[in-house]
Amino acid sequence: MSNGFDDIPFFDEEEPAPRKPAEGRAPASAPAAGGLGIAARAMAARDQARPAPDYLAGLNPEQREAVETLDGPVLVLAGAGTGKTRVLTTRIAHILATGRAFPSQILAVTFTNKAAREMKERIGLLVGGAVEGMPWLGTFHSIGVKILRRHAEMVGLRSDFTILDTDDVIRLIKQIIQAEGIDDKRWPAKQFAQMIDGWKNKGLDPSQIPEGDARAFANGKGRELYAAYQNRLKTLNACDFGDLLLHPIRMFRANPDILKDYNDRFRYILVDEYQDTNTAQYMWLRLLAQRSPPSSPQRGPKPYPEEARSAVSKDEVWPDRAGSFEASLRSAPQDEAPKVNICCVGDDDQSIYGWRGAEVDNILRFEKDFPGAKVIKLERNYRSTEHILGAAGHLIAHNEGRLGKTLFTDRVDPDNEKVVVHAAWDSEEEARAVGEEIERLQRGDADDKKHALNDMAILVRASFQMREFEDRFVTLGLNYRVVGGPRFYERLEIRDAMAYFRLVCQPADDLAFERIVNTPKRGLGDTTIRTLHDYARARDVPMLAAAVDLIETDEVKPKARKALFDVIQHFRRWSELLETTPHTELAEQILEESGYTDMWKNDKSAEAPGRLENLKELIRSMEAFESLRGFLEHVSLVMDTEQNADMDAVSIMTLHSAKGLEFETVFLPGWEEGLFPHQRALDEGGRSGLEEERRLAYVGITRAKRRCHIWFVSNRRIHGLWQSTMPSRFLDELPVTHVEVAESEQSYGGYGRGGYGQSRFDKADPFANTYSTPGWKRAQANKSDATRDNWGTRSGHAVERIGYGESGPKAKTIEGELVAKSTTTEPSKFTVGDRVFHIKFGNGNIASIEGNKLTINFDRAGEKRVLDGFVERV
DNA sequence: TCAGCTAGGCTTTTT
DNA sequence: GCCTAGCTGA
């Protein structure tokens with residue numbers, strides 16, 4: 001496995017930075033012989049002045065340029081499926097192979113842990129063990145923590161600070177709101193948490209937030225509350241996610257010498273998904289990308305002027321755009337001008353996180369920010385067929401604010417299928433039809449090829465859409481996997497257990513203390529907690545410390561005092577064991593001795609065994625870590641868990657979580673006005689909201705390699721009410737040449753009209769074969785009297801309602817049909833409590849019955865809803 | 001202290 | 001329509 005890279009000396013954290021290795025020479029001695037790794041051969045090849053190292057072979061000219069342009073800023077605009085990750089990883093390999101930097105001198109940032117993991121793996125394939133020497137490859141947040149742990153004291157924290165997740169943050173804010181005597185009903189903590197998040201995404205301290213924002217919450221108390229929150233975090237020795245970026249930014253600004261260390265260290269910076277960066281991330285990157293000329297150290301980055309810090313707009317908050325950074329570039333003599341070797345990769349057409357603070361502007365403005373930047377477009381697509389690219393390209397061309405790329409492929413696909421648009425009566429039929437299509441592909445009826453379920457995905461706009469598919473697949477016995485969704489670490493029992501661990505490691509963690517002090521029940525009710533809380537707040541000490549004090553007094557009742565005493569004793573002992581006992585053992589011990597596992601063992605509810613199982617899983621997953629602390633850090637930053645990829649299953653996920661993935665066949669249900677584009681995106685985002693929705697549609701289509709099926713329904717139940725819906729305007733934006741409408745090869749007139757009015761999909765005609773039912777026609781009639789303005793939002797009544805809760809002849813008949821479709825009115829042949837067998841889930845007991853739908857607690861599979869036809873009594 | 005009820009919310013989501 | 005948080009009465 002020796003390939004030359006394994007020998008690269010790592011840049012040790014504690015050692016001074018090594019000099020830049022001599023130009024063109026690898027930092028390691030080239031392997032004498034037998035180095036069969038790609039990189040080793042590449043280096044050998046280079047030494048013999050052969051044209052190009054192997055790892056560069058197979059790149060197209062643009063990709064190759066993106067890999068080889070190592071000096072100066074580079075922006076790679078990489079369209080969907082154009083080999084973006086390949087460019088990033090090969091570029092890193094190239095930097096290492098040419099000896100430009102040590103692995104530890106490369107900063108490579110991604111957004112998600114998944115992306116970081118993938119990058120690491122792929123670099124590993126190219127370069128072998130050297131990837132292990134890349135401590136600065138990770139997410140913005142994980143690198144942020146790493147920096148912050150080293151310099152925590154500079155921002156008033158200790159290096160063992162806790163990272164709070166969203167849930168903790170909300171509880172904390174709630175306490176603060178209540179402490180200020182503000183009505184937490186009228187001013188929900190959740191909302192304020194989102195506001196703070198928004199400010200932090202923009203890089204704003206309490207002093208910097210716009211006056212309007214500050215006034216908007218709690219009768220003008222927004223600013224005070226934000227400041228109070230930050231204070232509280234400091235006392236708790238804690239950080240929220242935003243702080244992981246903001247604290248380093250603050251610290252760098254206040255300490256140019258520390259910043260300079262990092263500037264000198266990072267010879268190459270690579271950023272993935274640049275279109276998703278928010279302002280704070282942008283500031284962070286710009287700071288790290290600064291270069292001070294080595295010859296004149298006094299010209300290094302200057303501390304930020306005070307007035308700039310209180311400014312609000314990005315330009316002002318970011319003084320070095322016009323200040324030291326660019327000035328230093330310009331002022332240095334040309335030949336010794338320090339180049340910023342930053343390479344950002346992204347796709348403006350795939351920017352779909354504007355709603356959480358991402359600034360597409362960052363990518364659109366790259367050339368201005370980094371003068372002399374080289375912009376490379378990757379437009380050759382290796383993923384999809386011509387029809388899919390054609391459809392996606394035509395759709396996205398409706399957006400105005402874009403840099404403009406057109407994807408192409410020159411591969412000829414023998415079964416080049418058009419994108420297919422299907423109509424269904426309602427969401428249930430949609431799920432049924434998608435299920436049928438999946439089974440058809442699986443069996444091989446469609447093209448004599450049996451398709452794996454792993455190659456298929458259903459991508460929805462909103463997660464409530466998933467349910468219908470799950471229900472359907474359960475009854476079909478079709479394997480599926482929900483990607484995203486509720487996560488392991490968010491489960492109640494896991495959070496409780498984690499709270500115990502956190503408190504052992506960090507006794508100042510009041511949120512953890514409050515969470516578990518009375519779990520399991522110890523008779524420490526509200527009164528005791530309040531006393532503790534007041535005492536702690538008054539003296540500014542952690543609650544655990546307050547408890548230690550208070551058990552000496554008679555402020556708490558004898559019973560509670562005893563209970564508290566026991567809790568304190570436990571934690572004292574566990575803390576002592578922290579250094580001596582293996583962490584998995586200790587963790588188990590904590591859960592046992594605290595009575596937490598017993599609590600679930602004694603719990604007779606259906607989910608208790610599952611929870612115990614999860615706790616075991618938690619302990620098992622700790623084995624991979626060195627210490628309890630290491631594990632806690634991992635959990636707070638890496639909230640995802642690996643799904644078992646062994647099973648052949650259809651993936652169901654949101655369009656957002658599908659970004660970066662690809663599937664042979666993609667199903668895109670729910671293309672209806674109001675759902676997709678989502679009404680709220682239109683209401684709150686206006687034109688840019690619509691464009692973001694369109695990019696989302698573009699992301700969806702471009703996930704498909706060969707087959708893309710789009711669906712829309714005429715009736716959908718939203719918030720429990722049946723609503724008649726109109727086909728999405730995006731359907732009209734698909735080009736006729738690349739799209740066909742299911743069940744109807746012949747014309748569907750009305751295409752090519754200007755403006756936005758009646759959709760070509762409004763006509764019953766194209767679906768005459770299947771949809772000539774009275775119900776379908778009535779739905780068409782219903783739709784036609786809704787009018788829309790230019791935005792497609794309806795004027796007058798927001799949505800026409802049919803069915804439940806409404807009266808009128810139209811509604812009634814339609815309701816009748818829907819009811820007839822979904823459930824039989826005949827009484828079920830089963831009764832609650834019956835023991836039944838299901839071919840896929842095995843044995844279970846019927847928990848409840850609604851019409852022909854049974855809710856069954858399966859012994860193995862847990863609770864599922866199935867149709868009665870699929871089970872039999874045992 | 002807990003079951004049981006009611007009111008409110010309900011797009012996307014990483015870290 | 002359905003889930004969850006929070007309140008209330010036993």
Side-chain angles (χ1 to χ4, degrees), chain A residues 109-116 138-145 163-171 174 184-186 188-191 194 197 200-201 239-246 273 276-278 280-281 351-358 427 459-468 483-487 489-490 492 518-527 605 633-640 653-660 670 674-685 689 692-693 695-697 699-700 716-723 803-805 822 850 865:
Chain A
V109 245
T110 63
F111 273 83
T112 63
N113 292 296
K114 204 170 132 199
T139 61
F140 276 100
H141 295 266
S142 67
I143 291 170
V145 181
I163 303 161
L164 302 184
D165 65 22
T166 325
D167 207 76
D168 292 324
V169 167
I170 290 172
R171 286 192 297 139
K174 188 167 197 166
D184 66 317
K185 284 264 171 53
R186 191 158 137 61
K190 206 175 155 190
Q191 194 192 328
Q194 277 162 7
D197 202 51
K200 290 195 171 178
N201 284 338
C239 262
D240 61 17
F241 286 121
D243 287 341
L244 298 180
L245 290 168
L246 284 189
E273 307 278 17
D276 287 339
T277 46
N278 62 36
Q281 285 156 341
S351 153
I352 54 176
Y353 286 108
W355 53 273
R356 65 176 200 216
S427 47
L459 311 181
V460 297
R461 172 69 247 261
S463 43
F464 75 84
Q465 291 172 264
M466 293 181 180
R467 200 191 174 120
E468 207 101 42
V483 180
R487 283 165 289 194
Y489 292 114
E490 281 168 15
L492 175 105
N518 200 30
T519 312
K521 296 275 177 291
R522 301 188 173 98
L524 294 167
D526 280 352
T527 340
S605 67
E633 175 116 337
H634 165 83
V635 172
S636 51
L637 289 174
V638 184
M639 295 292 279
D640 60 350
M653 66 187 97
T654 62
L655 286 160
H656 283 91
S657 41
K659 196 168 78 162
L675 177 59
F676 195 32
H678 200 278
Q679 194 57 49
R680 233 164 101 178
L682 300 177
D683 292 346
E684 287 168 17
E692 184 154 310
E693 294 287 291
R695 291 194 290 268
L696 203 47
V699 167
R716 189 175 289 280
R717 195 161 53 186
I718 295 166
H719 306 329
L721 287 170
W722 281 99
Q723 301 183 166
Y804 307 101
S822 53
E850 298 158 58
R865 289 223 301 171

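Chain letters run A, B, ... following the sequence lines, proteins first, then strands; residues in each count from 1. Atoms considered below: every heavy atom in the structure, side chains included; atoms not considered: hydrogens, waters and symmetry mates. Model, not experiment: these values are computed from the prediction.
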Discussion item. What is the distance, to the nearest angstrom, from the CG atom on A:Leu524 to the P atom on B:dC2?
Written reply: 13 Å

Short N/O separations, protein against nucleotides 6-12 of chain B, under 3.5 angstrom:
residue: B:dT11; atom: OP1; partner: A:Arg680; partner atom: NH1; Å: 2.1
residue: B:dT11; atom: O4'; partner: A:His678; partner atom: NE2; Å: 3.1
residue: B:dT12; atom: OP1; partner: A:Ser463; partner atom: N; Å: 2.5
residue: B:dT12; atom: OP1; partner: A:Ser463; partner atom: OG; Å: 2.3
residue: B:dT12; atom: O4'; partner: A:Arg461; partner atom: NH2; Å: 3.2
residue: B:dT12; atom: O2; partner: A:Trp355; partner atom: NE1; Å: 3.3
residue: B:dT12; atom: O2; partner: A:Arg461; partner atom: NH2; Å: 2.6

Provide a list of protein-nucleic acid N or O atom pairs under 3.5 angstrom, restricted to nucleotides 6-9 of chain C.
residue: C:dG6; atom: OP1; partner: A:Lys174; partner atom: NZ; Å: 2.2

Worksheet item: Do the side-chain N or O atoms of A:Arg467 get closer than 4.0 angstrom to the phosphate oxygens (OP1, OP2) of C:dC3?
Response: yes

Worksheet item: For the pair made of NZ in A:Lys200 and C1' in B:dT13, what is the distance, rounded to whole Å?
Response: 18 Å

Worksheet item: Can you tell me if A:Asp243 uses its side chain to pair, donor with acceptor, with the backbone of A:Leu246 under 3.5 Å?
Response: no

Discussion item. Taking only side-chain N and O atoms of A:Asn113, does any of them lie within less than 4.0 angstrom of OP1 or OP2 on B:dT15?
Written reply: yes

Practice prompt. Starting from C1' on C:dA5, measure out to CD1 on A:Ile170 and report it in whole angstrom.
Written response: 12 Å

Worksheet item: For the pair made of CD in A:Glu273 and P in B:dT13, what is the distance, rounded to whole Å?
Response: 15 Å

Item to complete: Take atom CE of A:Met653 and atom P of B:dT14, then tell me their distance rounded to the nearest Å.
Response: 12 Å

Discussion item. Between C1' on B:dA3 and NZ on A:Lys521, what's the gap in Å once rounded to a whole number?
Written reply: 13 Å

Discussion item. Set out, in order, the CA-CA distance, both residues' side-chain angles and the distance that settles side chain to side chain contact (heavy atoms under 4.5 Å, CB included) for A:Val460 and A:Met653, then state yes or no.
Written reply: CA-CA 6 Å; A:Val460 297; A:Met653 66 187 97; over 6 Å; no

Practice prompt. Tell me, please, which residues at least two apart from A:Lys174 pass side-chain contact (heavy atoms from CB on, under 4.5 Å).
Written response: A:Gln178, A:Asp184, A:Ala189

Discussion item. I'd like to know if the side chain of A:Glu692 reaches the main chain of A:Gly354, judged simply by a donor and an acceptor atom lying under 3.5 Å from each other, with no hydrogens or angles considered.
Written reply: yes

Practice prompt. Could you tell me the separation between the CG atom of A:Asp165 and the C1' atom of B:dT15, rounded to a whole number of Å?
Written response: 10 Å

Discussion item. Both A:Asn518 and A:Phe111 contact DNA chain B. Which one's nearest nucleotide lies toward the 5' end?
Written reply: A:Asn518

Worksheet item: With no hydrogens and no angle check, is any side-chain donor or acceptor of A:Gln194 less than 3.5 Å from a backbone partner on A:Gln191?
Response: no

Discussion item. Determine whether a donor-acceptor pair (N or O, by modelled atom type, separation under 3.5 Å) exists between the side chain of A:Arg695 and the backbone of A:Ser351.
Written reply: yes

Practice prompt. With DNA chain B as reference, determine whether A:Leu244 or A:Arg522 sits nearer its 5' end, using the nearest nucleotide of each.
Written response: A:Arg522

Discussion item. Output the rounded distance in Å from CG (A:Leu655) to P (B:dT14).
Written reply: 14 Å

Worksheet item: What is the ring orientation for A:His656 with A:Tyr353, classed by angle as parallel under 30°, tilted 30 to 60°, or perpendicular over 60°?
Response: tilted

Item to complete: Examine distances only and state if a side-chain atom of A:Gln465 and a backbone atom of A:Ala462 form a donor-acceptor pair shorter than 3.5 Å.
Response: yes

Discussion item. Determine whether a donor-acceptor pair (N or O, by modelled atom type, separation under 3.5 Å) exists between the side chain of A:Glu273 and the backbone of A:Thr110.
Written reply: no

